[in-house]
Protein chains: 2
Amino acid sequence: MTIRRLSVYARCLLHLEEDGVRTVSSQELADRFNLNSAQVRKDLAYFGEFGVRGVGYYVDDLRRHITAILGLDTQHRLAVVGAGNLGMALANYDGFAGRHFRMVAMFDDDPAKVGREVDHAPIIASRDMAREIRARSIQIAIVAVPTESAQTVTDQLVAAGIKAILNFAPARLKVPREVRFKNVDLSIELETLSFYLAKGSK
Amino acid sequence: MTIRRLSVYARCLLHLEEDGVRTVSSQELADRFNLNSAQVRKDLAYFGEFGVRGVGYYVDDLRRHITAILGLDTQHRLAVVGAGNLGMALANYDGFAGRHFRMVAMFDDDPAKVGREVDHAPIIASRDMAREIRARSIQIAIVAVPTESAQTVTDQLVAAGIKAILNFAPARLKVPREVRFKNVDLSIELETLSFYLAKGSK
DNA sequence: TAGATTGTTAATCGATTAACAATC
DNA sequence: TAGATTGTTAATCGATTAACAATC
């Protein structure tokens with residue numbers, strides 16, 4: 001949870017920096033996200049002493065520190081697996097454009113797609129995935145293939161030495177402990193909303 | 001958190017039912033998700049007494065109860081706003097097909113798309129959104145438009161009386177308290193992965 | 001020096017887990 | 001009755017918040 005909040009702070013600090021704001025207090029940050037100022041200070045102090053008593057935090061300084069903590073000072077090379085609608089949507093996603101992540105390849109089986117380029121990245125045949133992951137030093141893969149092929153693709157990624165996987169397929173994937181893994185589960189999000197709708201009308 | 005777990009249990013129970021399993025114990029459920037059996041029992045007992053001492057839980061009975069608690073005994077009518085790659089991916093998403101959610105409309109500005117059908121649902125011009133949301137009793141909207149238009153679209157949805165919104169645009173949207181709202185934020189997921197990558201290599 | 005705000009300790013709160021009487 | 005497993009109370013753990021000395 002602390003890490004997710006750091007990510008949120010980082011984005012906020014970027015905005016503040018663009019707006020020419022020089023310093024910010026834990027209280028001001030807390031107000032922005034409905035948090036407690038003590039919580040903000042604790043989050044920030046956990047990794048070092050970044051603040052100045054009586055002043056607050058220097059925005060650019062703090063932003064740099066958090067960025068480094070999140071490992072965003074180096075650019076991550078990532079691949080999107082599956083060049084269907086979801087894959088294409090992710091390839092064009094504004095979020096990557098932010099210089100921390102760079103999509104350097106897409107993988108797909110469809111011969112009609114292989115060889116084309118998406119956002120300066122080549123679409124490569126899935127059968128070459130292991131080789132290309134290594135050759136292109138790809139650390140992160142986003143799985144955007146149909147449910148049936150999700151586990152197969154994941155096994156290949158793992159075998160190729162991928163470091164982290166973000167999965168969009170609605171399947172419970174088996175991934176070895178050493179590979180960082182996150183599921184984005186649309187059903188859970190919808191069902192949570194559904195619960196509150198049902199509760200509200202009752 | 002309890003609600004998210006209920007959603008997970010529900011899916012598991014569905015599988016068990018399909019496999020012809022009649023009863024399941026809190027311990028068996030806990031093992032499946034690396035939880036504590038006391039936690040499972042507490043989650044389930046929170047909404048009523050669904051188990052039988054010495055036996056466990058009857059799978060079909062429990063599944064029905066959880067489904068009702070999550071408001072999944074009635075079908076939810078939803079709309080996807082934005083018929084770009086992301087919208088199309090969501091429309092074809094396996095998760096909806098599950099009978100709890102039914103996409104009954106897509107909205108888009110592009111005249112080339114308006115009038116077509118996707119998965120039995122019509123693509124409707126955005127300007128008619130408010131009217132159609134009401135006419136078609138749409139309760140849930142999924143926002144899959146570019147960042148620039150996300151707030152405008154959201155305001156229209158709210159004005160049309162939408163009950164819940166699931167947002168995929170990387171924007172911090174203002175939504176009144178009475179509308180249930182959930183953000184799916186790809187950047188946070190990626191940055192969290194990035195943190196663990198950085199930590200692991202250090 | 002007076003005012004502001006941090007970093008941190010201590011108090012509080014909530015969620016998880018252990019333990020066990022109830023009971024099938 | 002003996003064995004199994006629930007529902008629930010009490011204990012534990014972790015995360016949030018309040019409070020305040022340190023210090024700019």
Side-chain angles (χ1 to χ4, degrees), chain A residues 1-10 12-13 16-17 21-70 188 191-192 195-196 199, chain B residues 1-10 12-13 16-17 21-70 188 191-192 195-196 199:
Chain A
M1 274 298 108
T2 302
I3 302 307
R4 293 181 84 87
R5 284 196 300 264
L6 282 187
S7 171
V8 170
Y9 300 153
C12 179
L13 290 166
L16 289 174
E17 213 173 349
V21 178
R22 306 297 284 275
T23 67
V24 67
S25 71
S26 58
Q27 187 60 60
E28 288 168 314
L29 281 174
D31 290 346
R32 271 208 173 60
F33 308 109
N34 289 81
L35 297 173
N36 179 291
S37 70
Q39 169 143 212
V40 173
R41 289 200 297 283
K42 198 153 238 191
D43 286 342
L44 297 177
Y46 185 79
F47 294 96
E49 299 201 3
F50 304 139
V52 182
R53 285 158 209 246
V55 177
Y57 301 87
Y58 290 106
V59 172
D60 61 341
D61 185 55
L62 184 58
R63 203 244 328 127
R64 263 195 297 272
H65 273 114
I66 296 184
T67 301
I69 292 162
L70 291 174
I188 291 188
E191 292 178 9
T192 310
F195 168 78
Y196 289 107
K199 205 181 56 155
Chain B
M1 274 297 106
T2 302
I3 302 306
R4 292 180 84 87
R5 284 196 300 263
L6 283 187
S7 171
V8 171
Y9 300 154
C12 179
L13 290 166
L16 288 174
E17 213 174 348
V21 179
R22 306 297 283 276
T23 68
V24 67
S25 72
S26 58
Q27 187 60 58
E28 287 168 314
L29 281 173
D31 290 346
R32 270 208 176 59
F33 307 109
N34 289 82
L35 297 172
N36 179 291
S37 71
Q39 170 144 212
V40 172
R41 289 199 297 282
K42 197 152 238 189
D43 286 342
L44 297 177
Y46 185 78
F47 294 96
E49 301 200 1
F50 305 139
V52 182
R53 287 160 208 242
V55 176
Y57 301 87
Y58 289 106
V59 172
D60 61 341
D61 184 55
L62 183 59
R63 203 248 323 130
R64 262 194 299 272
H65 273 114
I66 296 185
T67 301
I69 291 162
L70 291 174
I188 292 188
E191 291 178 9
T192 309
F195 168 78
Y196 289 107
K199 205 180 55 152

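Hydrogens, waters and symmetry mates are skipped; everything else that's a heavy atom, side chains included, is used. Residue numbers begin at 1 in each chain, while the letters A, B, ... track the order of the sequences.
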*asked:* Is any side-chain heavy atom of A/Tyr9 closer than 4.5 Å to one of A/Val24?
replied: no
*Would you say the side-chain atoms of A/Gln39 and A/Asp43 include a donor-acceptor pair closer than 3.5 Å?*
no
*C/dC24 pairs with which nucleotide, Watson-Crick or G-U wobble, both distances below 3.5 Å?*
D/dG3
_Could you tell me if the side chain of A/Glu28 sits less than 4.5 Å from the side chain of A/Leu16, heavy atoms only?_
no
*asked:* Using a 4.0 Å heavy-atom cut-off to protein, can you give one letter per nucleotide of nucleotides 6-16 of chain D, 5' to 3': B if the base is in contact, S if only the sugar-phosphate is, - if neither?
replied: BBBBB-----S
_If you define the side chain from C-beta out and look only at heavy atoms, does anything of A/Glu191 sit under 4.5 Å from A/Ile188?_
no
*Report yes if the side chains of B/Phe50 and B/Ile69 come closer than 4.5 Å at any heavy-atom pair, otherwise no.*
yes
*Just name whichever nucleotide pairs with D/dA19, Watson-Crick or G-U, keeping both distances under 3.5 Å, else none.*
C/dT8
